[in-house]
Structures are given as C-alpha cells and as structure tokens.
K.L.:
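One structure follows; several queries about it will come next.
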Amino acid sequence: MPHLSPVPLEEVKEPDIRERFEHYRKTRGFTPNSIMTMVRRPDIVRAFMALNQAVLYEGTVPTETKMLVSLASSYAAGCLYCQSHMANLSSLYEASDEKIAALWNFEKSALFSPAERAAIALALKAGAQPNEAGAADFELLKKYYDDSQIVEIVAAIALFGYLNRWNDTMATALEPYPTQVAERALGTVGWEAGKHGGR
C-alpha cells in the first residue's frame, strides 16, 4: 500500500498542472501516481515535470536510448515502479518487448548497438549503490557521444536516481497500464510489482 494516496485530478487546483497531467493521460493512457502524489507541493511537481521534459524529450540522444538508459538505471536501483514505467516508455518509443527483456543481457544481445551498450553499461554502474561508474565508462561513451550527449545520458540516470528514491520510499502504487506492459515485456526475466502492487 502506498504511504500517501495520489491526489484525485479533480482536486488539483492549478490549471497549468491539470493541463500537464491531462497531457500525460492522453499520451501515456494514464497520469502517473508519482506526480499525483507529488502535486501536494505544486512547485515541486512543476520543477520535476520541467526537468523530466528537458532530460528525456529534448536533445540529440535518441529518445529510445534514453528510455532504455532510464530502465537500466532503475533496474540497478531496484525500483520496480520505475522499471514498469520505463518498460512502458521504451515500448512507446519503439523498443520491442524482446529488446526490453534483453536489457538484462545487453552485452551479448545483437539487439543493441555499441553506442547503446556503452550508455546502458554506464546506467547500470551509476544506478548501483555504491556508484561504480569510472573513467573507462566515459572513455567508451566518448567513442559514440559528444560531451552534450553525455550530459543528456547522465541527466537521465540522475533523474531516475530521484524517481527511484521517490517511488520506492513512497511505495507508489502502480497503475494498470504500465503494470501490463511490464508483465508482458519483463515477466520473462522475473519482474513483478512487489510493494508497488497495492492499489
């Protein structure tokens, strides 16, 4: 069970936030419970949504790559809520279920390019505690990405550092749609909702 329940949309008073929540509902099929809980502090949810937009949806690193990096970072951190959300978004940005499941074996899978492998390797190391990222990881990244793109990749990892802690601490309840995607795409590698399964 979540420690705080999401705020119902009809109780969100700020028009700009309601509009953004409605955008999420239209593009994803639901509004995430994470931000529906966070909205109790409107300026925090505004700042988060602006950062989320800048990190995941702007720049020159392929969006699919950033979604897979975020999934890998969430896998390393153990956040099942974020794993389901990023399986869903990876799927929306054209990663096949086979590729999403193969993330757990990305070094050997032919589904990943060398550039993707470099970014995912960093995400797994940076998402772990203690952080295992080192100079060799950045030397490998520099073969495929320029400095601005490396900032994008690290920003995606760091964004999910925040979200992994938020959702695991709050025991945020998973919404039905990302749960279905995660069960479909990640069930073969043992994914389950865990403490996020309570409604």
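A quick note: this is a predicted structure, and the numbers were derived from the prediction, not measured. Values below: all heavy atoms of this structure, side chains included; hydrogens, waters and symmetry mates excluded.
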K.L.:
Is it the case that H85 and N167 place a side-chain donor and acceptor less than 3.5 Å from each other?
P.N.:
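Side chains of H85 and N167: no pair found under 3.5 Å.
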K.L.:
Please round to the nearest 0.5 Å and tell me the distance separating atom CG of D43 and atom CD of E14.
P.N.:
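The CG atom of D43 sits 8.5 Å away from the CD atom of E14.
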K.L.:
Under 4.5 Å between any side-chain heavy atoms of S70 and L56, yes or no?
P.N.:
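With C-beta onward as the side chain, the pair touches.
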K.L.:
Are any of the side-chain heavy atoms of M67 and E64 separated by less than 4.5 Å?
P.N.:
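No, their side chains stay 4.5 Å or more apart.
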K.L.:
Taking all non-hydrogen atoms of both residues into account, name the closest pair between R18 and L9 and its distance.
P.N.:
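Answer, listing the atom of R18 first, then L9: NH1-O, 2.7 Å.
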K.L.:
Decide if atom CD of E107 counts as having more than 12 heavy atoms of other residues, nucleotides or ligands within a radius under 6.0 Å.
P.N.:
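At most 12 heavy atoms, drawn from other residues, nucleotides or ligands, come within 6.0 Å of this atom.
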K.L.:
Do any side-chain atoms of residues 116-131 form donor-acceptor pairs under 3.5 angstrom with protein atoms, and if so which ones, sequence neighbours left out?
P.N.:
residue	atom	partner	partner atom	Å
E116	OE1	K99	NZ	3.2
E116	OE1	S113	N	2.8
E116	OE2	K99	NZ	2.8
R117	NE	F106	O	3.1
R117	NH1	F112	O	3.3
R117	NH2	S109	O	2.6
R117	NH2	F112	O	3.0
K125	NZ	D137	OD1	2.9
N131	OD1	A133	N	2.8
N131	ND2	A126	O	3.3

K.L.:
Which pairs of donor and acceptor atoms, one on a side chain in residues 150-163, lie under 3.5 Å apart (sequence neighbours left out)?
P.N.:
residue	atom	partner	partner atom	Å
E152	OE1	T60	N	3.4
E152	OE1	V61	N	3.3
E152	OE1	K66	NZ	2.8
E152	OE2	T60	N	2.8

K.L.:
Within the 4.5 Å heavy-atom criterion, are Y144 and Q149 side-chain neighbours or not?
P.N.:
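Not touching, per the 4.5 Å side-chain cut-off.
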K.L.:
If you measure only the distance, is there a donor-acceptor pair under 3.5 Å linking the side chains of S74 and N164?
P.N.:
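A donor-acceptor contact under 3.5 Å links the two side chains.
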K.L.:
Is Q53 atom CD crowded by more than 12 heavy atoms from other residues, nucleotides or ligands, each under 6.0 Å away?
P.N.:
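Yes, enclosed.
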K.L.:
Less than 4.5 Å apart, side chain to side chain, heavy atoms only: is that true for R28 and E175?
P.N.:
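No, too far: nothing below the 4.5 Å cut-off.
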K.L.:
For E94, check salt bridge (Lys or Arg N to Asp or Glu O under 4.0 Å) against everything at least two apart and list the hits.
P.N.:
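Salt bridge (Lys or Arg N to Asp or Glu O under 4.0 Å) list for E94, sorted by chain: empty.
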K.L.:
Please check: side-chain N/O of Q180 versus main-chain N/O of Y177, any donor-acceptor pairing under 3.5 Å?
P.N.:
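No, Q180 side chain to Y177 backbone: no donor-acceptor pair under 3.5 Å.
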K.L.:
Calculate, to the nearest 0.5 Å, the distance between atoms CH2 and OH belonging to W191 and Y75 respectively.
P.N.:
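Answer rounded to 0.5 Å: 14.5 Å.
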K.L.:
Which heavy atom of Q83 sits nearest to which heavy atom of G78, and what is that distance?
P.N.:
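Reported closest heavy-atom pair: NE2-C, 3.8 Å.
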K.L.:
Contact between F30 and R25 at the side-chain level, heavy atoms closer than 4.5 Å - yes or no?
P.N.:
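Not touching, per the 4.5 Å side-chain cut-off.
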K.L.:
Does D16 reach the side chain of R20, with side-chain heavy atoms less than 4.5 Å apart?
P.N.:
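D16 does not reach R20 side chain to side chain.
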K.L.:
Using 0.5 Å steps for rounding, measure from the OG1 atom of T37 to the CG atom of N33.
P.N.:
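Spacing of OG1 (T37) from CG (N33) equals 6.0 Å.
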